[in-house]
Structures are given as C-alpha cells and as structure tokens.
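Data first, discussion second: the structure below is written as structure tokens.
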2 protein chains.
Amino acid sequence: MDSCKTLSALPQAYKLFFNTLANDSRLKIINILRNKSKNVSEICKAAGFEQSLVSHNLKILEYHGMVFMEKKGKFRYYTVNKNTIQPLLELIDAHMKKYCCKILEGTR
Amino acid sequence: MDSCKTLSALPQAYKLFFNTLANDSRLKIINILRNKSKNVSEICKAAGFEQSLVSHNLKILEYHGMVFMEKKGKFRYYTVNKNTIQPLLELIDAHMKKYCCKILEGTR
DNA sequence: TAAATATATGAACCATTTTTCATATGAAAA
DNA sequence: TTTTCATATGAAAAATGGTTCATATATTTA
C-alpha cells in the first residue's frame, strides 16, 4: 500500500503548488490579501510593485486556487483562499519558530 | 497590527521553505522517506536517482528542517520531519481534491 | 595502511522562472 | 464616441535554480 497516494500520483501538481508559493512577489501579495480583498491597483500600491508584475502573479495564484477574483465594474477584486492559505501559513509559522534561524543562515 | 507577523517579518525564509518543496527530486525523496528512515544508497535505489543528486537534495531538505540525519557507521540515515511534512501534505491533499484538475490543465 | 564503500561537495553547464517593456483589451466617464 | 482609467498579456531580457561531472572526505574492511 502506498500511504502517500496523492503525492505519488500527482507529483507534478504538488511541485506546481509549491512553486507558486516559492516567490517573493506572490508571498507579498498573499500577505497583503490575508486580511481583506483588494483590487489590482490597491495591491500595487500596498506592495510597491508595478501593475504588470502584480497581474502576472495574480494570474498564477488564481490558476492554482490560492486566490479568487470577482469583477466589480472596471475593478477586479482578489481574495485569498482561506481554506488552504490560512492553515498553511500557520503550519509554516510553527515550523519557522524552530528552524527559521538555520534557514536564514544560508542566505548570508 | 499585522495579523501575519511571521510571513511579513521573514519573507525570505518563507520563500526558501516553499522553494525547497518546489522540486520533483525532493518531493520524490520526501515521499520515499514518508514511511520509514532510509540511508542515501537506499534512497538512490528507491528513487532511481544518482547518488550525487540525492546528496545535494538531502542537504537542502536537512538545511530547512524537513528531514533529519543520523549517522550509523558509514551510513547516514534520513528521517522526514513528521511535525511539519505530514500535516503539510495532508493540507495540500485536500487542496488538490478541489483544484488539481485546473492546476494540471496548465501543464499540457 | 591500502583498498573499498558510502556520502558530500564545488563548479560548470543547462533549464526554468521572473521581471520588464510595450501594447492590447475592456469598462466607465466626459 | 473619444478619452481615460483599470487590468491583462506576449515576448525578450535578466535572474535563479537544478543536475551532472569530477573529486574530496570519512568510515570500514582486508
């Protein structure tokens, strides 16, 4: 029996999932959206990113089910997927409390 | 107040965390180790990877606290971090049930 | 202590991803 | 119905990361 059917069956999907989060721009966007929905211009301003960069990355996040989009007139509001992203970040917060120092060591 | 102190304070650490998992070789190794500890040669055989590739990737996984290493004579046994990796994969399993098809669509 | 086995590591090459730039689309306002 | 504002997108340039190859280290066995 395989105790890990999903990962072994769908390695590519798992890779894409993690890859989507392995990016400073997208993590910053997720963090900005964590509290409330925002439209593209608001995200640009909050992040200090140019609009094209934000749109490209929102597309990737949406594609992977990590944010949802809703049109309102000429604006597009984005919301984070609270079912996945919220508990995921909490899990990693806990991991970071233990291993963060070691991890950041390698970036110097 | 920042409801997401950890991510906003340590974006680089979070990026590195996800980047560590955004890799086919490392995901395969994690999956192989999910049930029981194995030494490098055993992992090579199970994965069908060459030794150098396995060692490089084990180093990265260990560095980020995702696997632990224990020396036994000339062998080195690696164990997956069950506190983080296990619940993490379960969370993503659930996410995949909903969004997997859409995600994989983009790879064709 | 020489040979064999197990594992680690540095550097180079290759591949993928990100960002930027220019431009297109679409909705609202003038 | 032209202009303006909001957002998306394609392609190219720039940055990043992965795998391989050759070799080093460490432990055991002969």
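Numbers restart at 1 for each chain; the letters A, B, ... are given by sequence-line order, proteins then strands.
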Atom CG of Leu16(B) to atom P of dG18(D): distance rounded to whole Å? 11 Å
Is the shortest side-chain N/O distance from Asn23(B) to OP1 or OP2 of dT16(C) below 4.0 Å? no
Options dA11(C), dT7(D), dT7(C), nucleotide nearest the side-chain atoms of Ser41(A): dT7(D)
Side-chain contact check for Ser55(A): nearest option of dA6(C), dA8(C), dT7(D) is dT7(D)
Write out a two-atom table: protein N or O, nucleotide N or O from nucleotides 24-30 of chain C, distance below 3.5 Å.
none

With the side chain defined as heavy atoms from C-beta on, Ser25(B) is closest, among dT19(D), dT19(C), dA6(D), to dT19(D)
What pair of heavy atoms forms the shortest contact from Pro87(A) to Lys82(A), and how long is it? CD-O, 3.3 Å
Counting distance alone, no hydrogens or angles: does the base of dA6(C) have a donor or acceptor under 3.5 Å from a partner atom on the side chain of Gln51(B)? no
Interatomic distance, Glu50(A) CD vs dT7(D) C1' [rounded to whole Å]: 13 Å
Rounded distance [0.5 Å steps], CD1 in Ile43(A) versus CG in Leu33(A): 4.5 Å
Would you say Lys15(B) reaches dG17(D)'s phosphate, i.e. side-chain N/O to OP1/OP2 under 4.0 Å? yes
Asn57(A) has its side chain closest, among dT20(D), dT19(C), dT7(C), to dT19(C)
hbond_proxy His56(B) side chain to dT7(C) base (donor-acceptor, 3.5 Å cutoff): no
Which pairs pass ring-ring contact (aromatic ring centres under 6.0 Å, His included) with one or both residues in residues 7-57 of chain A, sequence neighbours excluded? Phe17(A)-His95(B)
Terminal axis angle for the helix from dT1(C)-dA30(D) to dA30(C)-dT1(D), five pairs an end, nearest 10 degrees: 10°
Indicate, with a heavy-atom threshold strictly under 4.0 Å, whether Tyr78(A) touches base, sugar-phosphate, or nothing. sugar-phosphate
Side chain of Arg26(A) only, please: which of dT18(C), dA8(C), dT20(C) is the nearest? dT18(C)
Options dA22(C), dT7(D), dT7(C), nucleotide nearest the side-chain atoms of Ser52(A): dA22(C)
